Structure formats: structure tokens, C-alpha cells
Amino acid sequence: MVRPMVEAIDVRDLARHNAGYLPYGADPYEHLVQQEKARFLHAIQAITAAGGPRTVCDLGTFIPYLPVALAKLGYTVRIVEKFDVYGASVVNALQRIAAGTGIEVYDLDILADPFDTLPQSDVVLLMAVVEHLNGSPRELMQKVLGLLSPRGTLLFEVPNIAEFTKRVRLLAGDSPLGPYGSYLQSAYPYMGHNREMTVGEVRQLLESTGFAVDTLRCYDYSGNGPRSLGGMVAYAAKALAPVRDKGEVIYATARRGA
């Protein structure tokens with residue numbers, strides 16, 4: 001169902017502020033959905049395990065694979081995104097998806113706009129969002145806190161700056177972040193990964209903005225391991241390395257603090 005929306009995306013629009021999107025033009029569905037599907041399934045499993053009728057609000061949705069899946073499972077789903085940047089064809093495709101699945105769409109800038117029009121939700125998703133911000137996520141997190149129902153849960157996800165292969169690259173004198181060429185060729189402000197986080201930083205962010213952390217861990221999602229010889233060696237070394245918090249993604253669940 002989301003494929004027409006993905007295929008309507010002109011990656012040149014996305015690439016203006018993040019040139020790293022340019023290679024996605026050859027097969028955007030593969031890059032934006034297939035390679036991310038394990039993350040989506042991980043979140044679905046966490047949400048469905050809680051049971052009961054639930055309302056879900058997905059902040060900074062972009063590709064609505066996860067909202068569509070949850071809507072089909074019977075959840076009341078709201079998505080919040082500023083879609084103007086994606087062009088009219090993408091917005092129209094999103095509206096058709098929402099109309100066909102009962103998803104509520106809120107066209108809001110999650111940083112600049114108030115959340116007054118958003119009802120509270122049992123589950124709030126903030127996944128692969130805060131690493132793109134050009135400043136502190138503190139005010140956004142305080143707004144998110146107000147979106148949670150009294151017994152609601154936040155699902156938070158961010159790339160792990162201390163992932164094992166990134167540590168190795170840094171020891172070798174290379175940056176743990178993405179290719180500098182993509183950063184250099186992008187218009188300001190850069191909308192790629194500006195501030196990935198460590199596990200300790202995620203805990204600090206959540207607890208300092210009024211959340212109580214229930215789950216905090218790392219996991220890998222990008223398949224069954226690389227195919228190149230160098231990649232296979234790195235994959236094996238990562239599995240054997242006696243270090244903590246070495247996964248690709250930091251995943252946390254949290255609720256309103258006392």
C-alpha cells in the first residue's frame with residue numbers, strides 16, 4: 001500500500017538538504033522500506049505485546065509503513081509530519097493511504113508548532129527522528145511528554161554512535177558518521193544525522209525531560225550480515241567483542257515520570 005507513495009517521491013527534493021538520498025533514486029522502495037522493515041517489525045511486536053485497545057501517534061513519520069500496519073491490526077493511528085517538503089504527489093499519495101486505512105493525518109512541524117490539536121495517545125513513536133535535529137531535542141521531548149496518556153508508553157529509537165564498527169572506524173582515523181561528501185554537498189541546514197547518541201545519552205535525555213525509562217538496549221536490524229570478506233570479518237569481530245552497547249540502534253521505552 002505504501003509503494004505508490006514511495007515511488008512518487010522525487011529524491012532530488014529530499015537530497016537538497018541531504019545529498020545522501022541521491023543514490024536512493026534507483027530503487028527508493030528498497031532503501032526506504034525494505035532495508036528498514038526489521039525496525040518496523042520490531043516496533044510492531046513491542047506494541048502488540050502490550051495488548052488491549054490502543055491509540056498510537058507517530059511523530060516524524062516520513063514513510064507510513066508502520067502506521068499502516070498498525071491501522072490494519074485495529075489500532076487508532078495518528079501520524080504527524082510536515083509533508084510540504086516531499087512535494088504534492090507524495091502528499092496526495094499519503095492522503096489516499098490515510099483515507100483507505102482510517103489514519104488521522106496532522107500536518108505539523110514537530111519542532112515549531114504546538115501539539116494543542118493532538119489528542120493524548122497510549123503509544124507515542126519517536127523513531128529515527130532526533131538524530132536529524134540541528135539542536136537540542138529537549139523542548140520536543142517535553143512536548144512529547146504531554147502527548148502521552150497517563151499510562152502511555154513512548155517508543156524511542158536513535159542510531160547508536162558507539163556501534164561496534166563505528167568504534168573501529170574511529171580507531172582507524174575515520175569518522176563514525178556518514179560520508180563527508182554527502183554533508184559537504186548538501187544545502188544548509190543539513191538534514192542528515194547531525195547528532196547520533198550513546199546509550200547513556202539516551203537515558204540522560206529521557207530522564208532529564210520527565211520520563212521514567214522502562215527499557216533501554218541496543219539491537220541490529222540490517223540483515224544477516226555483510227557479504228564482502230571485510231564485512232564478514234567485521235561482523236564476526238562484532239559478535240565476539242566483549243563490549244556493551246555495540247548494536248546499530250538504541251531502543252528505549254519510557255513512561256511519564258513520578
Side-chain angles (χ1 to χ4, degrees), residues 1-47 56-72 77-98 100-101 103 105-110 125-133 155-160 163 177-179 181-183 185-187 189-194 196 219-224 226-227 247-251:
M1 179 174 282
V2 300
R3 184 183 287 273
M5 176 186 171
V6 175
E7 293 177 346
I9 294 173
D10 186 339
V11 296
R12 292 171 297 183
D13 292 335
L14 301 178
R16 183 169 182 269
H17 292 280
N18 182 2
Y21 278 116
L22 284 173
Y24 290 16
D27 191 350
Y29 191 80
E30 170 64 24
H31 288 280
L32 296 173
V33 177
Q34 292 295 106
Q35 293 185 14
E36 303 293 321
K37 190 174 289 186
R39 290 180 47 248
F40 303 146
L41 296 176
H42 183 268
I44 291 170
Q45 184 178 34
I47 294 168
V56 180
C57 181
D58 188 8
L59 298 174
T61 304
F62 189 25
I63 305 300
Y65 181 97
L66 181 53
V68 167
L70 291 170
K72 286 182 173 293
V77 181
R78 306 174 182 113
I79 60 177
V80 182
E81 181 63 276
K82 192 65 176 173
F83 285 98
D84 289 351
V85 68
Y86 305 126
S89 60
V90 177
V91 175
N92 291 338
L94 173 72
Q95 290 172 337
R96 288 194 295 271
I97 291 171
T101 55
I103 293 173
V105 179
Y106 291 80
D107 185 10
L108 297 173
D109 184 323
I110 63 172
L125 307 178
L126 192 63
M127 301 173 61
V129 172
V130 299
E131 69 270 19
H132 296 278
L133 304 185
L155 268 63
F156 180 94
E157 197 178 89
V158 67
N160 182 14
E163 187 268 337
L177 297 176
S182 296
Y183 176 85
Q185 296 302 319
S186 301
Y190 180 62
M191 298 304 293
H193 291 192
N194 284 293
E196 296 182 358
Y219 76 97
D220 290 327
Y221 73 92
S222 61
N224 296 320
R227 296 180 181 177
E248 293 172 309
V249 173
I250 302 170
Y251 169 82

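Fair warning: this is a prediction, and the values are worked out from it, not measured in the lab.
- Residues Ala71 and Ile103 come closest through the heavy atom pair CB-CG1, 3.9 Å.
- In this structure a side-chain-to-backbone donor-acceptor pair under 3.5 Å is present from His17 to Pro189.
- Checking Glu81, Met127, Glu36 one by one against Phe62, the side-chain contact (heavy atoms from CB on, under 4.5 Å) holds for a single residue, Glu81.
- Here Glu131 contributes atom CD and Glu196 contributes atom CD; the two are 7.0 Å apart, rounded to the nearest 0.5 Å.
- In this structure, Leu177 and Tyr183 have side chains that are not in contact, with every pair of non-hydrogen atoms separated by 4.5 Å or more.
- Within 6.0 Å of NZ in Lys37 there are more than 12 heavy atoms belonging to other residues, nucleotides or ligands.
- Ring-plane geometry between Tyr65 and Phe40 is classed as parallel, the angle between the planes falling under 30 degrees on a 0 to 90 degree scale with a further cut at 60.
- Under the side chain to side chain contact (heavy atoms under 4.5 Å, CB included) criterion, Arg12 pairs with Asp10, sequence neighbours left out.
- Heavy atoms only, all atoms of each residue included: Val77 and Pro67 are closest at CG1-CB, 3.7 Å.
- Considering every non-hydrogen atom in both Leu66 and Ala43, the closest pair reads CD2-CB, 3.9 Å.
- Looking only at side-chain heavy atoms (C-beta outward), Ile9 and Leu32 come within less than 4.5 Å of each other.
- Listed for the Asp109 side chain is no donor-acceptor partner under 3.5 Å among the backbone atoms of Lys82.
- No donor-acceptor distance shorter than 3.5 angstrom exists from the side chain of Asp58 to the backbone of Thr61, with no hydrogens or angles considered.
- The ring-ring contact (aromatic ring centres under 6.0 Å, His included) test applied to Tyr24 returns Tyr21, His31, not counting sequence neighbours.
- Residues Leu70 and Ile47 form a side-chain contact, since some pair of their non-hydrogen atoms from C-beta on lies under 4.5 Å apart.
- Looking at heavy atoms from C-beta onward, Val33 lies in side-chain contact with Val6 at the 4.5 angstrom threshold.
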**OP:** Would you please test Asn92 and Arg96 for side chain to side chain contact (heavy atoms under 4.5 Å, CB included) and show each step?
**Re:** CA-CA 6 Å; Asn92 291 338; Arg96 288 194 295 271; 3.8 Å; yes
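- Residues Ser182 and Ser186 approach most closely at O-OG, 2.6 Å, considering heavy atoms.
- Residues Gln35 and Tyr29 have side chains that never bring a donor and an acceptor to within less than 3.5 angstrom of each other.
- The aromatic rings of His42 and Tyr219 sit parallel to each other, their planes meeting at less than 30°, with 60° as the upper class boundary.
- The backbone N or O of Glu248 lies less than 3.5 Å from no partner atom in the side chain of Asn160, so there is not a single donor-acceptor pair.
- Nearest heavy-atom pair across Ile44 and Ala69 is CD1-CB, 3.6 Å.
- With a 4.5 Å cut-off on side-chain heavy atoms, Val80 and Cys57 count as touching.
- The CD atom of Glu157 lies 8.5 Å from the CG atom of Leu155; values are rounded to the nearest 0.5 Å.
- In this structure, the side chains of Thr101 and Met1 come closer than 4.5 Å at one or more pairs of heavy atoms.
- How far CG of Asp107 is from CD of Gln95: 9.0 Å, rounded to the nearest 0.5 Å.
- Residues Val249 and Pro159 form no side-chain contact, since every pair of their non-hydrogen atoms from C-beta on lies 4.5 Å or further apart.
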Subject >> CA sep, side-chain torsions, deciding dist, call: Leu59, Leu125, side chain to side chain contact (heavy atoms under 4.5 Å, CB included) >> reply: CA-CA 6 Å; Leu59 298 174; Leu125 307 178; over 6 Å; no
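- Ile79 has its side chain out of reach of Tyr106: every pair of non-hydrogen atoms, C-beta onward, lies at least 4.5 Å apart.
- Put simply, CE on Met5 and CG on Leu94 are 5.0 Å apart, with the number rounded to the nearest 0.5 Å.
- Here the OG atom belonging to Ser222 is positioned 8.0 Å from the CD atom belonging to Glu163, to the nearest 0.5 angstrom.
- Listed here is the closest heavy atom pair of Ile97 and Pro64: CD1-CG, 4.3 Å.
- In this structure, NE2 in His132 is found 7.5 Å from CG in Asn18, a value given to the nearest 0.5 Å.
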